[in-house]
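Residue numbers count from 1 along this sequence.
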Amino acid sequence: MPTESTDYRQMWSDLGLDLEAHDALLEVLGQGYQAVFLSQQNRPKGMEYFDFVMSEVHGLRVKELLDEKAAGRKVFGSFCVFVPEEIVKAADGTLVGLCTGADFAMDAVEEYLPRNTCALIKSAFGFKLGKVCPYIESVDLIIGENTCDGKKKAYETLDTIVPNLYVMDLPQVKNARGRELLKVEYMRFLRKVEELSGVTIDVARMKQGIARVNAKRAALHRLAALRAVAPAPISGLDALLINQVSFYDDTERFTQSVNAICDELDARVAAGEGVSPKGTPRILMSGCPMAVPNWKLPWVIESAGGVIVGEESCVGERGMRGLVSDEGETLEELISNIVDRYFDIDCAIFTPNTDRLGHVREMHESYAADGVIHYSLNFCQPYQMESYPVAQALQNEGVPVLRIETDYSPEDAEQLKTRVEAFLEMIQ
Ligand code: BJ8
């Protein structure tokens with residue numbers, strides 16, 4: 001989190017942030033980061049880079065985005081992994097994830113949204129209404145998407161609060177018509193990006209956009225594969241952090257840093273070294289995405305003696321799976337390739353969504369997990385509803401499953417710890 005010595009106050013003030021509230025937020029985040037991440041033992045040296053990024057997540061990174069804007073490039077913000085970064089990159093733009101991982105200004109939020117809205121949606125509103133997110137204040141365009149009912153309806157309200165919201169329609173069924181809708185919407189988005197940036201996206205630009213995002217995803221695939229080894233060479237918390245940083249950081253610098261830490265982990269694997277002793281229960285997490293600084297459940301699991309070896313989540317494998325083919329001689333063919341990759345994302349908003357269960361099974365096996373912890377946010381109907389059939393099917397196959405429903409408040413941490421400890425004991 002930004003340190004006292006770096007002075008970004010003028011920048012934050014120019015962005016319209018509430019400096020007092022923002023100071024309080026950074027203070028809490030800094031303490032949380034110290035307790036959750038910096039206190040871990042035996043961290044790879046390569047994590048120093050990601051610690052640095054996090055220490056500057058509201059400082060240097062925001063300044064870089066403002067510098068890009070000053071140089072005439074556009075910055076886009078999104079809440080969902082269905083927004084195709086390749087198209088933004090093709091126009092020399094930058095896509096960042098917007099803050100959705102902590103409770104803030106809840107009284108103000110509940111004037112706009114029902115109390116029984118998931119914490120992720122409430123958080124997006126809280127950061128805006130509380131004036132503590134430099135990203136939402138910096139972006140040229142906020143991209144919403146018609147996914148779950150909560151988000152769809154919340155964007156109608158957000159549109160009355162911000163001047164720059166664009167909503168992308170998304171299919172809810174995986175058939176030919178659904179695929180066609182996604183393609184039409186990606187073409188519409190491409191035109192919007194062109195209009196805003198003043199850049200005409202041709203085949204060469206599109207191929208370059210695809211290559212840059214593919215390189216980032218390939219580095220994350222490499223990291224994921226290293227976690228399949230026992231003993232795990234990196235903690236689940238650190239791996240989650242890297243995935244979280246992928247939504248903010250400069251693409252090329254991030255890709256290089258992930259490959260660098262993977263080189264280090266390769267050496268650990270070759271030497272048979274891990275972050276936890278042999279026999280540590282290996283956990284696959286599955287469910288809702290975890291945005292910064294939503295670290296509660298992973299922290300509970302790893303401080304209770306488990307090690308998380310994979311996340312079936314949009315901040316994790318669901319969000320990064322697959323690459324986009326760059327085969328094709330027309331823009332239309334390349335957009336089709338982009339659709340091919342994104343249409344495979346098995347978000348719980350789809351009905352039916354049977355592929356997701358297949359992916360959880362596959363991950364449980366390939367990461368040699370001992371059990372699955374299914375995580376749903378309270379009031380998230382899509383993932384809460386799917387938690388039952390997913391757990392049922394896995395349990396019938398002999399896979400131990402623990403279903404957790406929680407939110408962002410720290411209040412249930414002790415209770416969660418008790419349940420997780422009992423689960424770890426059972427699977428050991
Ligand atoms: S592709 S998972 S990032 S929509 S937690 S807001 S589902 S009520 S975040 Fe998501 Fe895209 Fe799907 Fe992934 Fe609604 Fe549930 Fe809240 Fe959620």
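- A donor-acceptor contact under 3.5 angstrom links the side chains of Thr406 and Lys296, judged on distance only.
- Considering only residues two or more places apart in sequence or on other chains, Asp250 meets the side chain to side chain donor-acceptor pair (under 3.5 Å) condition with none of them.
- Looking at Gln256 and Glu252, their side chains never bring a donor and an acceptor atom within 3.5 Å of each other.
- Looking only at distances, a side-chain donor or acceptor of Glu185 sits under 3.5 Å from a matching main-chain atom of Asp169.
- A pairwise comparison of heavy atoms in Leu19 and Trp12 identifies CD2-CB, 3.6 Å as the closest pair.
- Atom NZ of Lys131 has 12 or fewer heavy atoms from other residues, nucleotides or ligands within 6.0 Å.
- Looking at Lys89, its side chain never comes within 3.5 Å of a backbone N or O of Val213 through a donor-acceptor pair.
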Q.
Run the side-chain contact (heavy atoms from CB on, under 4.5 Å) test on Ile345 and Phe82 for me, step by step, so that the C-alpha distance in whole Å, both residues' side-chain angles and the decisive distance to 0.1 Å come before the verdict.
A. CA-CA 8 Å; Ile345 298 172; Phe82 265 103; 3.6 Å; yes
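- No donor-acceptor pair closer than 3.5 Å links the side chain of Asp92 to the backbone N or O of Arg73.
- Between the CE atom in Met290 and the CG atom in Leu120 there is a gap of 11.0 Å [rounded to 0.5 Å].
- We find the CD1-SG distance between Ile143 and Cys80 to be 10.5 Å, quoted to the nearest 0.5 Å.
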Q: Begin with the C-alpha distance, continue with both residues' side-chain angles, and end with the deciding distance and a verdict on side-chain contact (heavy atoms from CB on, under 4.5 Å) for Phe247 and Val81.
A: CA-CA 9 Å; Phe247 290 86; Val81 296; 3.8 Å; yes
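- Applying the salt bridge (Lys or Arg N to Asp or Glu O under 4.0 Å) criterion to Asp202, with sequence neighbours excluded, gives no partner residue.
- Counting only distance, with no hydrogens or angles, the side chain of Ser197 and the backbone of Lys74 share no donor-acceptor pair below 3.5 Å.
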Q: Starting from the C-alpha separation in whole Å, work towards a yes-or-no answer on side chain to side chain donor-acceptor pair (under 3.5 Å) for Tyr367 and Glu312.
A: CA-CA 11 Å; Tyr367 293 104; Glu312 189 279 317; over 6 Å; no
Q: Step by step, work out the salt bridge (Lys or Arg N to Asp or Glu O under 4.0 Å) result for Lys153 and Glu156.
A: CA-CA 5 Å; Lys153 301 308 288 182; Glu156 292 174 13; 2.9 Å; yes
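- Checked for salt-bridge contact, Arg9 and Asp14 miss the test: no charged N lies under 4.0 Å from a carboxylate O.
- In this structure Ala215 satisfies the side chain to side chain contact (heavy atoms under 4.5 Å, CB included) test together with Thr255, sequence neighbours excluded.
- Applying the side chain to side chain donor-acceptor pair (under 3.5 Å) rule to Asn294 yields the partners Tyr375; only residues at least two apart in sequence or on another chain are considered.
- Here Phe254 and Tyr248 keep their ring centres 6.0 angstrom or further from each other.
- Side chains of Asp149 and Gln381: a donor-acceptor N/O pair is absent below 3.5 angstrom, by distance only.
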For residues 297-304, which side-chain N or O atoms pair as donor and acceptor with protein atoms under 3.5 Å away, sequence neighbours left out?
residue, atom, partner, partner atom, Å
Glu302, OE1, Gly236, N, 3.3
Glu302, OE1, Leu237, N, 3.2
Glu302, OE2, Gly236, N, 2.8
Glu302, OE2, Ile308, N, 2.8
Ser303, OG, Trp299, O, 2.7
Ser303, OG, Val300, O, 3.4

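- Across Val245, Asn243, Asp249, Ile242, a single residue satisfies side-chain contact (heavy atoms from CB on, under 4.5 Å) together with Val258, and that is Ile242.
- When atom types are taken as modelled, the side chain of Glu195 and the backbone of Arg191 share no donor-acceptor pair closer than 3.5 angstrom.
- Formation of a donor-acceptor pair under 3.5 Å by the Ser325 side chain with backbone atoms of Asn337 is not found in this model.
- Side chain to side chain, Gln10 and Ser13 fail the donor-acceptor criterion of an N or O pair below 3.5 Å.
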Q: Evaluate the side-chain contact (heavy atoms from CB on, under 4.5 Å) criterion for residues Ile87 and Met206: first the C-alpha distance (whole Å), next the side-chain angles of each, then the deciding distance (0.1 Å), finally the verdict.
A: CA-CA 7 Å; Ile87 293 176; Met206 199 66 249; 4.0 Å; yes
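- With sequence neighbours excluded, no residue forms a salt bridge (Lys or Arg N to Asp or Glu O under 4.0 Å) with Glu414.
- In this structure, the salt bridge (Lys or Arg N to Asp or Glu O under 4.0 Å) partners of Lys151, at least two apart in sequence or on a different chain, are Glu145.
- For the ring pair (Phe, Tyr, Trp, His ring centres under 6.0 Å) condition, no pair includes a residue of residues 94-115, sequence neighbours left out.
- No donor-acceptor pair closer than 3.5 Å links the side chain of Arg217 to the backbone N or O of Leu323.
- Counting only distance, with no hydrogens or angles, the side chain of Lys122 and the backbone of Asn116 share no donor-acceptor pair below 3.5 Å.
- Side-chain atoms of Ser387 and Arg403 form a donor-acceptor pair, as typed in the model, at a separation below 3.5 Å.
- Of all heavy-atom pairs spanning Lys69 and Val139, the tightest one is NZ-C, 4.2 Å.
- Remark: Leu402 CG to Ile404 CD1 distance equals 4.0 Å, nearest 0.5 Å.
- Sorted by first then second residue, the salt bridge (charged side-chain N to carboxylate O under 4.0 Å, His left out) pairs that include residues 359-378, not counting sequence neighbours, are Arg361-Glu397.
- Atom CE of residue Met168 and atom OG1 of residue Thr147 lie 11.0 Å apart, to the nearest 0.5 angstrom.
- By the 4.0 Å N-to-carboxylate-O rule, Glu327 lies too far from Lys207 to be salt-bridged with it.
- Side-chain atoms of Lys216 and Ser246 include no donor-acceptor pair closer than 3.5 Å.
- Glu333 CD to Ile338 CD1: the interatomic distance, rounded to the nearest 0.5 Å, is 12.5 Å.
- Listed by chain and residue number, nothing satisfies the side chain to side chain donor-acceptor pair (under 3.5 Å) test with Asp344 (two or more places apart in sequence, or in another chain).
- For the residue pair Gly319 and Arg341, the shortest heavy atom distance occurs at O-NH2, 3.0 Å.
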**Q.** Leu377/Tyr383 under side-chain contact (heavy atoms from CB on, under 4.5 Å): CA gap, chis, key distance, verdict
**A.** CA-CA 8 Å; Leu377 279 173; Tyr383 285 92; over 6 Å; no
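- Rounding to the nearest 0.5 Å gives a distance of 5.0 Å between CG of Leu190 and CD1 of Ile335.
- In this structure, Gln384 contributes its side chain and Ser376 its backbone to no donor-acceptor pair below 3.5 Å.
- Applying side-chain contact (heavy atoms from CB on, under 4.5 Å) to Lys63 and the options Asp67, Leu65, Leu66 leaves one that passes, Asp67.
- Under the 3.5 Å distance criterion, the side-chain polar atoms of Trp295 are left unmatched by any main-chain donor or acceptor of Leu241.
- Scored by the side chain to side chain donor-acceptor pair (under 3.5 Å) test, Asp340 finds Arg179 as partners (sequence neighbours excluded).
- The salt bridge (Lys or Arg N to Asp or Glu O under 4.0 Å) check on Asp346 picks up Arg318, Arg321, with sequence neighbours excluded.
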